[in-house]
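Remarks on the structure that follows.
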Amino acid sequence: MPERLDGPAYGRRAFTVLVAALVAGFVACMLTGWGGASVTRAVSGGGTVAITVAAGIACLARARACRGRDRTVWALFTAGAFVYACGEAAWAGIESIAGREVPFPSLPDAGYLGMVPLATLGLLLVPMPRRSAPQRLRALADAAMIACSLLLISWLLVLDPLLAEGGTVVSRAVALGYPVSGVLLVTAVLHVLAVLRRDDPHAGALTLVAVAMVVLGVSDSAYAFLSLHDSYSSGGLLDAGWFVAFALVLLAARYPAKQAAVADGPAEPRTFALLVPYAPILLAVVCSVLFSAVTGRTDGFHAGCRAVLILLIVARQLLTLLENRHLTRHLEDRVAARTAELQASELRFRALVQQSSESVAVIEADSTVRYQSDSIERIFGWPAGLLLGRRLVEIAGRRSGSRIAAAIEAVVAGPETVTVLEVPMRHQDGRVRLAEMTITNLLGVPAVGGLVLNTRDVHDAKELQERLVHEAYHDALTGLPSRALFRERLVEAVARAAGTDDVAILFLDLDDFQEVNDSLGHAAGDLLLCQVAERLSAAVREGDTVARFGGDEFGVIVESVAARADAESVAGRIAAALEAPFLVGERELPVAASIGLACAADAEDVEQLQRNADLAMYRAKSGGGNGMAAYDPAMLSGLVQRLELEADLRAALARDELVLHYQPTVDLRTGEITGFEALVRWHHPVRGMIPPLEFIGAAEATGLIVPLGRWVLREACRQAVAWGAGTTRELKMAVNVSVRQFEHGDLAATVGEVVAETGMPVGQLCLEMTESVLLTDTDENLAQLRRLKDLGVTLAMDDFGTGYSSLAYLRRFPMDTLKIDRSFVERLGGDSEDEALVRTIVRLGQSLGMTTVAEGIEDAAQLSILQDLRCDYAQGFYLSRPLPADEAGRVLLEGFSAKVN
Ligand code: C2E
Ligand code: CA
Ligand code: CA
């Protein structure tokens, strides 16, 4: 494809053609002697003056367009061209205008010779690429070699004959100046050409200048030689040398600079540059041999020059050798370092795979095991070597094998597809364990070329999950569904009803049950509750749900076409069933209940439905108990009470009626207090100390929890800083936060502010939250948790085991601590089955890298079991009740290691 030219490129081409035409004309004139000697002389003088001035102007323009060193270089060329032009003008003046022969030496020689140092300096100042020290030394040796060779050639051809000529000292000195200048110029030129980078922006222009200087140097030497023999006369062919030289300088100055080179690496020498120094040497050797052969003599200078040249060649070879050694060593070091790096990363990788709690295997598409990590022995008891080369679908047994085969088939269908399956696997000791297997298709990845199999033992976790779900959904005492299951079934029932059928619920609260507990003890209370549960279950219709909410509260779901009427009759049957007294131990106890009834038709959602039933139940209770009340919108006035509570609470915040009590957290290995949990109380001027469970709910419902929570956080941090002052002890402070604090405000921002304000070391602050935080509005909450983690706060999962307890959530959220709920600790010390449950929870925490805290330790037996189970920390009345700040400070100083050993 022909090169397309833009405007400036056309102009350049035309200019080059014009200069070439001028050169051709000049040479033709000199060659043919057209018009006689006086004409050629005039043409030669005028032409050369014109071309040198033109070259000088072009160099000046170039210098002005450049910056830095490049500008200096072109300024020196400009000066050189003008100095030369002066000499040439003087020559032409004397010859053409005064009409006499120009004597030798004379004024013009000063101009000619004056140009040489300027041009040489310019060439030496050309910016060179970055070079290493050996490279720089070698370049110097090359320059010396070139200079020496040229000097030898010049000596043999020009200098020696010149010296042999007679003439005045001045004339001989000036005559010698020309060849010496030539040597200088050519040396500088070759030096520049040898080190110039191909991508130097001025490479093209400088190459042209270099060629011009060589032409000039040769012409000067020839001129000197001819002058001394008085055989030079201007207007001859030799004059074309200078004309051509400055025509080249003119073109060079107009030669466009390329885009500045981006690469800054070491110079990449051009092949021809490597050979540059050898050309003059070769020429010098040829000259030297021919000269000796022809004349049969060798003078001192000739011999000395040769000797120096040989020395230089040897030195240069040595330098090259050293440089190569240096390069090789550098390369070897690089290779060694890279190899070590690779080895280290492979070791690291292998260690990771081997130490992992997963087994990692690479299998082929037909399930033949090609690689198996040693970790499998720790997990399933099988030595890795036993599996190598065998087909997994065969080892896994018939049922698991066929499921694995199906999974492999699905994965092989698409590159980089992943599938997860749960299959039973036999442990080496004979037990069947549930394994979670992730198969990733990396058949297309050359480094792997197989299916990667990550296998974990999820048996215990799965069992625990099922246990926990059962625990969460069932009341441990009576075996009835729990509040959580009640709610879930209610949601389903309401969805099923969807307008046609109806759903009604009953809330039931035993009257005066607290008295039974107080007078006959908890055991009697528990027995009574179990009997009540039995009678309730018997009184409802088949398909109705009876649940225990906790304490003496129960709930019933009635699902039918006429739910209200049916619920009323169920309530009547329940009242009748409770009429007969209960037999507890030796005593007969009468039990009555207050029942509230509400229908889904009156409520917008399940929450409201439950609230309505609650309101109705309170109405029944405030009517004297032992009766039933159905929800009526008028009851909403009861809400007024709640509003009063809200106003009270708001005032409490303003009046500073809230206080914090602190319950110590104890290290189960050392018995030392490692920190406190801050628990809020309301110091009511009339009602006395109100526990948090009586007002936190209202605070959450009204949003007051946000300012309240901020107050708790600030007060707890302030206290922790006060306790920490003057000690090196890193005391942890745990603060409870509710899910509403995530929803109603930016908790992370609040924490950041409080920490900055109080000077609390953020790593010592722990936020406790229940699973509800993980269950509602998951993504937004997860983001907030991450921000809290980024601040450096520790996060604890409170009351673990009482919520929905999804283990998947635990893996997903960045929790540091697991607080085992009091209801599990409560059951320790008797039945060993429950001990197993707590053990599994502690292990689960450990396997997820979380520290474990047991809550609610009430006796020494529980404490020692938890120590045996290697639980990390503990809290509980046995160790210390929550204490006011001053008392907690005292306990902190004294400790109570006597209880823990
Ligand atoms: P929690 O976070 O599970 O706190 C532990 C509760 O168990 C405390 O009740 C504590 O006094 C009690 N406790 C500790 N050891 C034992 C023991 O050995 N036996 C028994 N039976 N109980 C023990 P408290 O102080 O009444 O707090 C109740 C709940 O109120 C807390 O449960 C927490 O969920 C909430 N709460 C307390 N302070 C705050 C607060 O500042 N903000 C928020 N959002 N909630 C708070
Ligand atoms: Ca807590
Ligand atoms: Ca708790």
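Whatever order the structure lists ligands and atoms in, that order sets their numbers, starting from 1.
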Please could you name the atoms of ligand 1 that [X] approaches to less than 4.0 Å, counting only its heavy atoms?
X	result
G876	15 (N), 18 (O)
I857	18 (O)
E858	17 (C), 18 (O), 19 (N), 20 (C), 21 (N)

Where does [X] meet ligand 1, judged by heavy-atom distances below 4.0 Å: at the side chain, the backbone, both, or neither?
X	result
S738	both
K819	neither
D799	side chain
D798	side chain

[X] heavy atom under 4.0 Å from ligand 1:
X	result
P882	yes
E855	yes
R681	yes

Does the plane of the ring in H474 sit parallel, tilted or perpendicular to the ring in H470? Use 30° and 60° as the thresholds.
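Geometry flag for H470 against H474: parallel rings.
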Filtering I705, L879, L679, V712 for the heavy atom nearest atom 10 (C) of ligand 1 leaves L679
Nearest heavy atom to atom 15 (N) of ligand 1 wins, so pick from E768, Q663, E677.
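The option holding the nearest heavy atom is Q663.
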Is the distance from the Ca ion (ligand 2) to the nearest N/O/S atom of E677 under 3.0 Å?
yes
Using distance alone, decide if ligand 1 has a nitrogen or oxygen within less than 3.5 Å of any nitrogen or oxygen in [X].
X	value
Q875	no
F877	yes
V680	yes

Distance-only polar pair, side chains of D872 and T852, donor-acceptor under 3.5 Å
yes
For the residue pair T794 / K732, report whether a side-chain donor-acceptor contact shorter than 3.5 Å exists.
yes
Sidechain N-carboxylate O distance under 4.0 Å for [X], [Y]:
X	Y	value
E757	R710	no
E858	R822	no
R487	E607	yes
R718	E715	yes

Nearest heavy atoms of P481 and T545, plus distance in Å:
CG-CG2, 4.3 Å
Taking every non-hydrogen atom, the tightest pair across Q719 and A885:
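Scanning both residues completely, I find the closest heavy atoms to be NE2-CB, 3.3 Å.
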To check your reading of the site, what angle at the Ca ion (ligand 2) do OD1 of N736 and OD2 of D798 form, to 10°?
80°
Looking only at N, O or S atoms, which one in E768 sits nearest to the Ca ion (ligand 2)?
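The Ca ion (ligand 2) is closest to the E768 atom OE1, counting only N, O or S.
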Tell me whether R881 forms a cation-pi arrangement with F877, defined as NZ or CZ under 6.0 Å from the six-membered ring centre and within 45 degrees of its axis.
yes
Just checking F549 against F507, ring centres under 6.0 Å apart?
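Yes, they do, as the ring centres are separated by less than 6.0 Å.
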